[in-house]
*Asks:* 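Below is one structure. I have some questions about it.
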Amino acid sequence: MDNSSVSKLLDDISVLLELKEENAFKIRSYQKAASNIERLSESLADIYKKGGRRSLEEIDGIGAGISERIEEILTTGKSSYLEELHKDIPKSVVEMLRIQGVGPKLVIRLYKDLKIKSVEELLSAAKKGILKKLDGVREKKIESIIKGIENYRKLDRKHLISDALSYAQALLKEIKSHDYVVDAVICGSLRRGKETIGDIDILATGINPKKLADAFVSLPQVKRAIAKGETKSSVVLENGMNADLRMVGPESFGSAAHYFTGSQQHNIKIRKLAISKGLKVSEYGVFRGNKKLAGRTESGLFKVLGLQFIPPELREDSGEIEAAARKAIPRLVELSDVKGDLHMHSDYTDGEVPIEEMAAAAKLLGYDYIAITDHSKSTTVAGGLDARSVEKQMREIDALNKRLKDFRVLKGIEVDILKDGSLDLDDAVLAGLDLVIASVHSHFSMPGTAMTERVLKAMHNRYVSIIGHPTGRLIGKRQPYEIDMGAVIKEAAKTHTALELNSFPDRLDLNDLNCRLAGENGVRIAINTDSHRPADLSYMKFGIGTARRGWLTKNDVINTLSLERLLGFVSLKRK
DNA sequence: GCCGTTTTCGGCCCGACTGTTTTCAGTCG
């Protein structure tokens, strides 16, 4: 049982407790435990194996009660408490909560008073006017429920950060184009660099919030408005996403940006910290009584709380506030630190353009080097290279390097890790290359132990400098294959093998948690784009965002090194 | 249910918008 499954069950418990109108703080305890577990980099099962319930209780938000629930979940795979709760409230009733504007109070009345058990029954009841039997439900509420259901059905849930970002930037541009807008920024999970995004959040400041709200809800991308007020408006976009616009005065722009960037758990902890210092934090500023101490800038807010500035990517309540209090927030890796890109394809295999064009595009980005890493022969769908084709490509790259000034194209390969952990090309071929990435592209559904052995064996090859997209996941399409990342990370540290952070928006593999674990274990990371065309090179920013979420610094990342030192890293293992 | 440089008991972040209300509950983030 993995962490996110445990987290999901605890979250389910919290939802049912909400429907039972249990103590609100008890509900939040379950929610908090669930979200803390979700962000844990170590496996809960391992923690429990090592120290039992006592070590579970060392995790923030887990006490005697919840550790008992977790113990049962880990040992039996289910929770009798959850099953007990489900006796009174079926799953189809819980689903109604996912409709915008329908909360726990309404759901429980729908179920108890009107015997409505599902979203379908709710829609039909709404259309027949049956809902008017409930106190406080009239025409407008019914209309909003019907629209909420329509939207819920179309909602394809979370969006990749790349898609959400282009949408958000278009909205931002529209908002900024108005004369009465002084400044506007993207906040929310997009600013924190999460791999998938639910809503788009934009903060604006200017002289006429009312006019801006009117303009916002009538943008061409907007399908319908959910709310419109002096400081806050919410809309549903044509692509099914929600977008929120907040408007504050310039004296509150920093504190509002902080509040609106979240995460919610981070905000709660910041506000608690403020209380302990006799202060109050809200989106309008930091206050002692009625006296405002900060708010114009985010850095001012952190400063009056006695904290170092916390980069948005770290704001997940996973130790960043404690670190900021100790002045121990590292300088995270930045896009401008990147000196090269070590994973890309050319028209020798499934890339779209010749090597020279990839090199030219990379040079335009200010890089000093790239590695061309086409597929090896086993990846037949991509037209993978055999030893002969590798020879040919090497000669072409040598010739190209003679023509290029202040730039180097490294001769590389993305060699397949075969089922038994051996590689798809002989060592003699690999030895002639500057850089070898080894990746799994087949037999994804092996048992975890076999898959782990397979990758460990590949790492033992002295020519393998990088393991490509180490978990193989495709966000929204394919689960990571079963692999013990803890073991892979330990072995990577031992063998001087770097792990890839593949920046392709549907990969982001390693993810943020594994990056953090790798960094803590002294493993080097290569942040690559896996580009198949020049435009893909711009995906580097998503890899950087994920690396920052994983607390990585410039020193953790090999493609921030000079060419000389990068080649030194490669030869260290080859010795 | 969790937690403790004021607490092992009594707290638990803070504020906006909507709809149906004559002062607020429900929902959301």
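Lettering of chains follows the sequences in order, A, B, ..., and the numbering in each one begins at 1. Everything numeric here is computed off the predicted structure, so don't read it as measured data.
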*Asks:* Between A:Val304 and A:Lys277, is there a side-chain heavy-atom distance shorter than 4.5 Å?
*Replies:* no
*Asks:* Counting side-chain heavy atoms from C-beta on, which of B:dC28, B:dG1, B:dT27 comes nearest to A:Gln100?
*Replies:*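 In terms of side-chain proximity for A:Gln100, the closest of B:dC28, B:dG1, B:dT27 is B:dC28.
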*Asks:* Would you kindly give the CD-to-P distance between A:Glu22 and B:dC2, to the nearest whole Å?
*Replies:* 13 Å
*Asks:* I'd like the C1' distance from B:dT20 over to B:dA25, given in whole Å.
*Replies:*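 Here B:dA25 and B:dT20 have their C1' atoms 10 Å from each other.
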*Asks:* For atom C1', what is the distance between B:dT7 and B:dC12, given to the nearest Å?
*Replies:* 13 Å
*Asks:* What interatomic distance, in whole Å, is found between C1' of B:dT18 and the corresponding atom of B:dT23?
*Replies:* 15 Å
*Asks:* Write down the distance separating the P atoms in B:dT21 and B:dT27, rounded off to the nearest Å.
*Replies:*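 Comparing P positions in B:dT21 and B:dT27 gives a spacing of 16 Å.
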*Asks:* Run the side chain to side chain contact (heavy atoms under 4.5 Å, CB included) check on A:Lys133 and A:Arg109 step by step: do they pass?
*Replies:* CA-CA 11 Å; A:Lys133 289 184 190 163; A:Arg109 282 161 66 209; over 6 Å; no
*Asks:* Looking only at the side chains, is there a donor atom on one of A:Thr261 and A:Arg191 sitting less than 3.5 Å from an acceptor on the other?
*Replies:*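 Present: a donor and an acceptor within the cut-off.
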*Asks:* A:Asn267 or A:Gly61: which one's nearest nucleotide on DNA chain B is closer to the 5' end?
*Replies:* A:Gly61
*Asks:* Which nucleotide in the set B:dT27, B:dG29, B:dC13 lies at the smallest distance from any side-chain heavy atom of A:Leu106?
*Replies:*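 Closest of the options to the side chain of A:Leu106: B:dT27.
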*Asks:* Nearest whole angstrom, please: distance from the P of B:dG11 to the CD1 of A:Ile27.
*Replies:*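 Atom-to-atom, A:Ile27 to B:dG11, this comes out as 20 Å.
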*Asks:* If B:dT8 has a Watson-Crick or G-U wobble mate with both distances under 3.5 Å, name it; if not, just say none.
*Replies:*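 The answer is none; no pair meets the criterion.
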*Asks:* Taking atom types as modelled, is there a side-chain donor on A:Thr529 or A:Asp536 under 3.5 Å from an acceptor on the other?
*Replies:* no
*Asks:* Please measure how far the P atom in B:dG11 lies from the corresponding atom in B:dC17, and state the result in whole Å.
*Replies:*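 My reading of the P atoms in B:dG11 and B:dC17 gives 31 Å.
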*Asks:* Starting at atom CD of A:Glu18, determine the distance to atom P of B:dG29, rounded to an integer number of angstrom.
*Replies:*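 In whole Å, B:dG29 P lies 13 Å from A:Glu18 CD.
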*Asks:* Take atom CG of A:Leu85 and atom P of B:dG1, then tell me their distance rounded to the nearest Å.
*Replies:* 11 Å
*Asks:* Assess the residue pair A:Glu316 and A:Arg549 against the criterion (salt bridge (charged side-chain N to carboxylate O under 4.0 Å, His left out)); give the C-alpha distance rounded to whole Å, side-chain angles, the decisive distance to 0.1 Å, and a yes or no.
*Replies:* CA-CA 9 Å; A:Glu316 298 289 347; A:Arg549 290 178 60 78; 3.0 Å; yes
*Asks:* Mind calculating the distance between CG (A:Asn36) and P (B:dG1) to the nearest angstrom?
*Replies:*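 After rounding, the reported distance stands at 17 Å.
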*Asks:* Nearest whole Å is fine: how far is B:dG1 P from A:Leu17 CG?
*Replies:* 8 Å
*Asks:* If you measure from the C1' atom in B:dG1 to the same atom in B:dT6, how many Å do you get, rounded?
*Replies:*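 Going atom to atom, C1' in each nucleotide, I get 23 Å.
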*Asks:* Where does the angle between the aromatic ring planes of A:His178 and A:Tyr180 fall among parallel (under 30°), tilted (30 to 60°) and perpendicular (over 60°)?
*Replies:*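 A:His178 and A:Tyr180: parallel rings.
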*Asks:* Checking all strands, does A:Arg109 fall into the base, sugar-phosphate, or nothing category for heavy-atom contacts under 4.0 angstrom?
*Replies:* nothing
*Asks:* Answer with base, sugar-phosphate or nothing: what part of the nucleic acid does A:Ala64 contact at a heavy-atom distance below 4.0 Å?
*Replies:* sugar-phosphate
*Asks:* Check nucleotides 15-19 of chain B against the protein and report each pair of N or O atoms closer than 3.5 Å, with its distance, or say if there are none.
*Replies:*
{"from": "B:dG15", "atom 1": "OP1", "to": "A:Lys280", "atom 2": "NZ", "distance (Å)": "2.8"}
{"from": "B:dA16", "atom 1": "OP1", "to": "A:Tyr284", "atom 2": "OH", "distance (Å)": "3.0"}
{"from": "B:dA16", "atom 1": "O3'", "to": "A:Thr231", "atom 2": "OG1", "distance (Å)": "2.9"}
{"from": "B:dC17", "atom 1": "OP1", "to": "A:Glu230", "atom 2": "N", "distance (Å)": "3.0"}
{"from": "B:dC17", "atom 1": "OP1", "to": "A:Thr231", "atom 2": "N", "distance (Å)": "3.0"}
{"from": "B:dC17", "atom 1": "OP1", "to": "A:Thr231", "atom 2": "OG1", "distance (Å)": "3.3"}
{"from": "B:dC17", "atom 1": "OP1", "to": "A:Lys232", "atom 2": "N", "distance (Å)": "3.2"}
{"from": "B:dT18", "atom 1": "OP1", "to": "A:Lys228", "atom 2": "N", "distance (Å)": "2.7"}
{"from": "B:dT18", "atom 1": "OP1", "to": "A:Lys228", "atom 2": "O", "distance (Å)": "3.2"}
{"from": "B:dT18", "atom 1": "OP2", "to": "A:Lys228", "atom 2": "O", "distance (Å)": "3.4"}

*Asks:* Go through the steps to decide whether A:Lys78 and A:Glu72 satisfy the test salt bridge (charged side-chain N to carboxylate O under 4.0 Å, His left out), and finish with yes or no.
*Replies:* CA-CA 7 Å; A:Lys78 55 184 190 176; A:Glu72 189 197 358; over 6 Å; no
*Asks:* Considering every strand and a 4.0 Å limit on heavy-atom distances, what is the contact class for A:Asp199: base, sugar-phosphate, or nothing?
*Replies:*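 Touches sugar-phosphate only.
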*Asks:* Once you round it to whole Å, what is the distance between P of B:dG29 and CD of A:Glu316?
*Replies:* 16 Å
*Asks:* Please determine, for the side chain of A:Ile275, which listed nucleotide (B:dC3, B:dC14, B:dC2) has the closest atom?
*Replies:*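 The closest nucleotide is B:dC14.
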*Asks:* In whole Å, I'd like the distance from the CD atom of A:Glu57 to the C1' atom of B:dG1.
*Replies:*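 Distance, rounded to whole Å: 12 Å.
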*Asks:* At under 4.0 Å between heavy atoms, what does A:Ile99 touch on the DNA or RNA strands: base, sugar-phosphate, or nothing?
*Replies:* sugar-phosphate
*Asks:* Before accepting this row, confirm whether a basic side-chain N of the pair A:Lys269/A:Asp60 lies closer than 4.0 Å to the acidic partner's carboxylate O.
*Replies:* yes
*Asks:* Roughly how many Å apart are B:dC9 and B:dG26, using the C1' atom of each and rounding to a whole number?
*Replies:* 30 Å
*Asks:* If I pick the P atom on B:dC13 and the same atom on B:dC3, what distance separates them, to the nearest angstrom?
*Replies:* 13 Å
*Asks:* When all nucleic acid strands are considered with a 4.0 Å heavy-atom cut-off, which category describes A:Ile62: base, sugar-phosphate, or nothing?
*Replies:* sugar-phosphate
*Asks:* Calculate, to the nearest 0.5 Å, the distance between atoms CD1 and CD belonging to A:Ile70 and A:Glu57 respectively.
*Replies:* 9.0 Å
*Asks:* Using a heavy-atom cut-off of under 4.0 Å over every strand shown, decide if A:Asp244 touches base, sugar-phosphate, or nothing.
*Replies:*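 The residue A:Asp244 makes sugar-phosphate contact but no base contact.
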